[in-house]
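Just so it is clear, the values below take in all heavy atoms, side chains as well, and ignore hydrogens, waters and symmetry mates.
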Amino acid sequence: MKNTAMGRYGREWGADEVKHLVFRTVHEPEAGEKWQSLFELHWSAYERWFLSEGERERPGYLAGFNALRRHMPELLPTYERLCALAGGGDLSSRMLSLYRPPAYITGCSQAVLANGNSNVLVRNYDYPTELCEGTILSSCWNGRQVIAMTDCLWGVLDGMNDSGLAVSLAFGGRTVVGEGFGAPIILRYILEFCDTTPEAAEVLARVPTHMAYNITVNDAQGRYVTAMIAPDRKATIKRVPVATNHQKKIEWYAHALASETLIRERQLSILVDDDATTEERLISAFFAPPLYRTDHRRGLGTVYTSVYRPLQGRVQFHWPEHEVNLSFAHFPETSFTIHYGLRQHGAG
């Protein structure tokens with residue numbers, strides 16, 4: 001039987017096929033024609049994803065609007081502008097609220113190295129390539145510059161603002177789904193309206209999430225936390241510099257085994273606890289097993305590595321044979337293709 005995977009971008013992949021993903025860097029301070037073009041490019045795929053469990057399973061427009069107004073009211077003007085750019089339709093507006101979206105599962109490893117010599121947040125994003133937008137967006141929607149790898153058109157997988165606050169998400173390894181928002185919109189809210197790790201921690205403690213996630217935060221002062229958030233219990237926020245794909249204990253054993261979450265957590269913990277670890281040593285570890293993963297057949301391969309430097313306002317995105325260096329002062333627009341699969345990664 002052919003081993004295939006079908007994702008929200010609608011393409012079926014064969015077991016031996018080399019996958020590819022087009023990445024784009026997009027600079028648009030105020031959401032306008034460029035964001036609208038991204039919406040038009042991805043909407044048909046997101047519509048299929050949003051309706052994958054049936055339209056009745058998704059909350060109505062007012063439910064999402066009221067949830068935003070209650071929990072993240074400062075975000076409403078941006079939300080309304082994006083809804084208008086998307087055409088003002090009911091379905092697209094419901095999806096863009098990211099309130100109670102369909103469940104989705106990622107891999108991911110992330111770590112902070114913050115001491116007298118270093119201040120860096122590094123992460124690997126492990127996910128099916130066919131489900132990733134590949135958009136690195138530079139924006140200034142609320143008077144604050146943000147650079148972020150986007151998801152769901154305006155959510156954030158990882159990113160940093162011009163105050164030097166950096167964030168990254170990883171799946172929490174639990175199957176529970178409940179009332180709340182998709183984590184990417186919570187990270188967007190943090191980057192738009194928070195300056196420091198303590199401010200971000202307050203948001204993570206109070207804004208409800210629909211699934212279990214581990215959110216790592218670091219700021220320009222080297223203050224970091226990892227928040228274990230979930231819809232069925234209070235957030236646990238601790239000064240922990242590493243996160244993979246489990247929370248207090250292993251609850252989904254099959255996922256934990258397949259993703260090697262414990263092995264990756266141990267590797268990161270050893271590195272950041274070692275006084276001899278430099279930024280270069282930590283970053284290089286993300287390019288090799290067990291942190292770097294190549295199982296793209298099962299959607300567990302590493303899609304990209306990102307490196308955030310809060311003090312310099314710089315971010316790097318890495319692939320085995322390609323690299324992009326960006327900052328708030330230097331953000332050239334470009335596009336490039338990364339290939340994944342049985343053959344070696346490469347930039348096309």
Salt bridge (charged side-chain N to carboxylate O under 4.0 Å, His left out) partner of E53, the single match among R48, R100, R58 | R58

Is it true that a side-chain atom of D274 and a backbone atom of I270 form a donor plus acceptor pair closer than 3.5 Å?
-> no

Could you pull out the closest heavy-atom pair between A183 and I215, with the gap in Å?
-> CB-CD1, 4.4 Å

Indicate whether any N or O donor in one side chain lies under 3.5 Å from an N or O acceptor in the other, for D126 and T302.
-> yes

Inter-residue atom distance Y127.OH - I105.CD1, 0.5 Å rounding = 8.5 Å

Is the side chain of T226 donor-acceptor paired with the backbone N or O of V240 at a distance under 3.5 Å, no angle test?
-> yes

Tell me yes or no: between the side chains of T150 and E133, is some donor less than 3.5 Å from an acceptor?
-> yes

To the nearest 0.5 Å, how far apart are NZ in K34 and CG in L38?
-> 10.0 Å

How far apart are the closest heavy atoms of Y61 and S93, and which atoms are they?
-> CD1-CB, 3.7 Å

Establish, yes or no, whether a centroid distance under 6.0 Å links the rings of H255 and F171.
-> yes

Do Y292 and H318 have their ring centres less than 6.0 Å from each other?
-> no

Working to the nearest 0.5 Å, report the span between CG of L62 and CZ of R94.
-> 10.5 Å

Start with the C-alpha distance between S109 and N124, add both sets of side-chain angles, then the distance that settles side chain to side chain donor-acceptor pair (under 3.5 Å), and finish with yes or no.
-> CA-CA 5 Å; S109 307; N124 275 359; 5.6 Å; no

Just wondering, are more than 12 heavy atoms of other shown residues or ligands nearer than 6.0 Å to CZ in R266?
-> no

Verify, without hydrogens or angle tests, whether Q110 (side chain) and S168 (backbone) share a donor-acceptor contact under 3.5 angstrom.
-> yes

On the 0 to 90° scale, with breaks at 30° and 60°, tag the Y189-F193 ring pair as parallel, tilted or perpendicular.
-> tilted

From E251 atom CD to T175 atom OG1, the distance as rounded to the nearest 0.5 Å = 8.0 Å

L137-I338 co-clustered via ILVMFWY side chain contacts under 4.5 Å | yes

Where does the angle between the aromatic ring planes of W49 and Y46 fall among parallel (under 30°), tilted (30 to 60°) and perpendicular (over 60°)?
-> perpendicular

At what distance, to the nearest 0.5 angstrom, does OG of S138 lie from NE2 of H330?
-> 11.5 Å

Can you check whether L165's main-chain N or O pairs, donor with acceptor, with D219's side chain at less than 3.5 Å?
-> no

Separation between CG (L326) and OH (Y308), nearest 0.5 Å, reads 9.0 Å

Tested for side-chain hydrogen bond (donor to acceptor under 3.5 Å, both in side chains) against N245, the lone hit among R174, R264, E265, E260 is R264

Taking a hydrophobic cluster as the set of Ile, Leu, Val, Met, Phe, Trp and Tyr residues connected by side-chain heavy atoms closer than 4.5 Å, whether directly or through intermediates, do M228 and V225 fall within one such cluster?
-> no

Does the ring centre of W319 sit less than 6.0 Å away from the ring centre of F336?
-> yes

Please determine, by modelled atom types, if N142 and T78 share a side-chain donor-acceptor pair under 3.5 angstrom.
-> yes

Could you tell me whether E130 and K19 make a salt bridge, using a distance below 4.0 angstrom between a side-chain N and a carboxylate O?
-> yes

Establish, yes or no, whether the cationic atom of R239 lies under 6.0 Å from the six-membered ring centre of Y224 and within 45° of the ring axis.
-> yes

When clusters are formed by joining ILVMFWY residues with side-chain heavy atoms under 4.5 Å apart, either directly or through shared neighbours, do L96 and L76 land in the same one?
-> yes

When you check the side-chain N and O atoms of D158 and Y125, is any donor under 3.5 Å from an acceptor?
-> no

Would you call the rings of F65 and Y79 parallel, tilted or perpendicular, where under 30° means parallel and over 60° means perpendicular?
-> tilted

State yes or no: do V120 and V112 share one hydrophobic cluster built from I, L, V, M, F, W and Y residues joined by side-chain heavy-atom distances below 4.5 Å, directly or via other members?
-> no

Does R123 use its side chain to pair, donor to acceptor, with the backbone of S306 at less than 3.5 Å?
-> no

N214 and I229, any side-chain heavy atoms less than 4.5 Å apart = no

Test item: Q316 and V324 side chains (from C-beta on) under 4.5 Å apart, heavy atoms = no

Over all atoms of both residues, closest heavy-atom pair of P310 and N218 | CG-ND2, 3.7 Å

Backbone N or O of T334 within a donor-acceptor pair of the T25 side chain at under 3.5 Å?
-> yes

Under a single-linkage definition using a 4.5 Å side-chain heavy-atom cutoff for Ile, Leu, Val, Met, Phe, Trp and Tyr, are L153 and L169 assigned to the same hydrophobic cluster?
-> yes

Look at the rings of Y304 and F23 and say which category their plane angle falls in: under 30° parallel, 30 to 60° tilted, over 60° perpendicular.
-> perpendicular

Just checking, any donor-acceptor pair under 3.5 angstrom between side chains of H20 and T337?
-> no

Any donor-acceptor N/O pair, R206 side chain to H71 backbone, under 3.5 Å | yes

